[in-house]
Colleague: 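Mind looking over this structure? Questions follow.
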Amino acid sequence: MGIAASELSKHVIRPTLLYLGRSSSAAEALLLGIAASQSALGAALHQHHGHGLYGIREASHLQVWDHYLALNPDLASHVRGLASQHAFLTAPHLELTVNLRYATAIAWLLVEEQQLPLPGADDLPGQAQIWCQVFQPGGRPEEFLDAWQRCIGSAIQAA
């Protein structure tokens, strides 16, 4: 069992996006869908395809630091402020599993780095396309839509 979708949005995704100055309902919905698709909202935090809630690959984690954050030292400092003091230096990829706000920031920056047009909060097919492009190049949009319905849609219907 993963994290409740409403709790994840309210206590992790929304505050992290606000902290980064990137808050929008579309970004929030996309990150929620990515978490549903990559880890069933945290039910499986360490998969073969990546680390943590968003299933971020080590190569992607390094790439966002080396090719995106390195070009924006202020943003890099802001993101580094989310990471733990000592563990980040010895095991940076572990932060993707144990630090939800840091993982959320990195997941968002992986999307932002691609400069893709952000679909609306209710445009699930558009969100699925971004998930395929950024997180699962071999994935099919139907996988995203199925995960959304399984992990988020049922929670929204019950609320």
Colleague: Give the intermediate values and the outcome of side chain to side chain contact (heavy atoms under 4.5 Å, CB included) for residues L75 and E112.
Modeller: CA-CA 12 Å; L75 181 57; E112 184 176 283; 4.3 Å; yes

Colleague: Are the side chains of H93 and I56 in contact, using a 4.5 Å heavy-atom criterion?
Modeller: no

Colleague: Do the side chain of E95 and the main chain of A103 share a donor and acceptor less than 3.5 angstrom apart?
Modeller: no

Colleague: Indicate the atoms forming the closest heavy-atom contact of L31 with A107, along with that distance.
Modeller: CD2-CB, 3.8 Å

Colleague: Consider only side-chain N and O atoms of E7 and H11, and report whether a donor and an acceptor are under 3.5 Å apart.
Modeller: yes

Colleague: Roughly how far, to the nearest 0.5 Å, is the CD1 atom of I3 from the OG atom of S9?
Modeller: 10.5 Å

Colleague: Determine the minimum heavy-atom distance between S39 and G42, stating which atoms define it.
Modeller: OG-N, 2.8 Å

Colleague: Scan residues 133-143 for pairs that pass side-chain hydrogen bond (donor to acceptor under 3.5 Å, both in side chains), counting only residues two or more places apart or in two chains.
Modeller: Q38-Q136

Colleague: Measure the spacing between CG of L18 and CZ of R14 and express it to the nearest 0.5 Å.
Modeller: 8.0 Å

Colleague: What distance do D74 atom CG and H78 atom NE2 have between them, rounded to the nearest 0.5 Å?
Modeller: 9.5 Å

Colleague: Output all residues satisfying ring pair (Phe, Tyr, Trp, His ring centres under 6.0 Å) with F135, sequence neighbours left out; order by chain, then residue number.
Modeller: none

Colleague: If every non-hydrogen atom of S25 is compared with every non-hydrogen atom of A121, which pair is closest and at what distance?
Modeller: O-CB, 3.6 Å

Colleague: When you compare the side chain of W108 with that of I13, does any pair of heavy atoms fall below 4.5 Å?
Modeller: no

Colleague: In this structure, would L110 and Y19 fall into the same cluster of hydrophobic residues linked by side-chain contacts under 4.5 Å?
Modeller: yes

Colleague: Look at the aromatic rings of H61 and F88 and report parallel, tilted or perpendicular, splitting at 30° and 60°.
Modeller: perpendicular

Colleague: Any idea which heavy atoms bring A83 and Y102 closest together, and the distance?
Modeller: CB-CD1, 4.0 Å

Colleague: What's the spacing between Q127 CD and L32 CG if we round to 0.5 Å?
Modeller: 9.0 Å

Colleague: Run the side chain to side chain contact (heavy atoms under 4.5 Å, CB included) test on L53 and I34 for me, step by step, so that the C-alpha distance in whole Å, both residues' side-chain angles and the decisive distance to 0.1 Å come before the verdict.
Modeller: CA-CA 9 Å; L53 192 61; I34 292 167; over 6 Å; no

Colleague: Rounded at 0.5 Å granularity, tell me how far CG in L30 sits from CG in L17.
Modeller: 9.5 Å

Colleague: Quick check against the 3.5 Å criterion: does R80 have a side-chain atom that pairs as donor or acceptor with the backbone of Q85?
Modeller: yes

Colleague: If we ignore hydrogens and angles and just use 3.5 Å, is the side chain of Y54 paired with the main-chain N or O of L96 as donor and acceptor?
Modeller: no

Colleague: Compare all side-chain heavy atoms of P141 with those of C132 and state whether any distance is below 4.5 angstrom.
Modeller: yes

Colleague: Consider only side-chain heavy atoms of I, L, V, M, F, W and Y, link residues closer than 4.5 Å, and tell whether L109 and L118 are in one cluster.
Modeller: yes

Colleague: Output yes when a side-chain donor or acceptor of R150 lies under 3.5 Å from a complementary backbone atom of A40, and no otherwise.
Modeller: no

Colleague: Answer with yes or no whether the hydrophobic clustering places W131 together with L116; edges join I, L, V, M, F, W, Y residues whose side-chain heavy atoms lie under 4.5 Å apart.
Modeller: yes

Colleague: With rounding to the nearest 0.5 angstrom, report the CD1 to CG distance, I152 to L8.
Modeller: 8.5 Å

Colleague: I'd like to know if the side chain of T16 and the backbone of V12 have a donor-acceptor N/O pair within less than 3.5 Å.
Modeller: yes

Colleague: When clusters are formed by joining ILVMFWY residues with side-chain heavy atoms under 4.5 Å apart, either directly or through shared neighbours, do Y68 and L82 land in the same one?
Modeller: yes

Colleague: For P125 and L145, work out which heavy atoms get closest and say how close.
Modeller: N-CD2, 4.1 Å

Colleague: Might you point out which heavy atoms bring W148 and A29 nearest each other, and give the distance in Å?
Modeller: CZ3-O, 3.4 Å

Colleague: For the side chain of T104 and the backbone of L100, is there at least one donor-acceptor N/O pair under 3.5 Å apart?
Modeller: yes

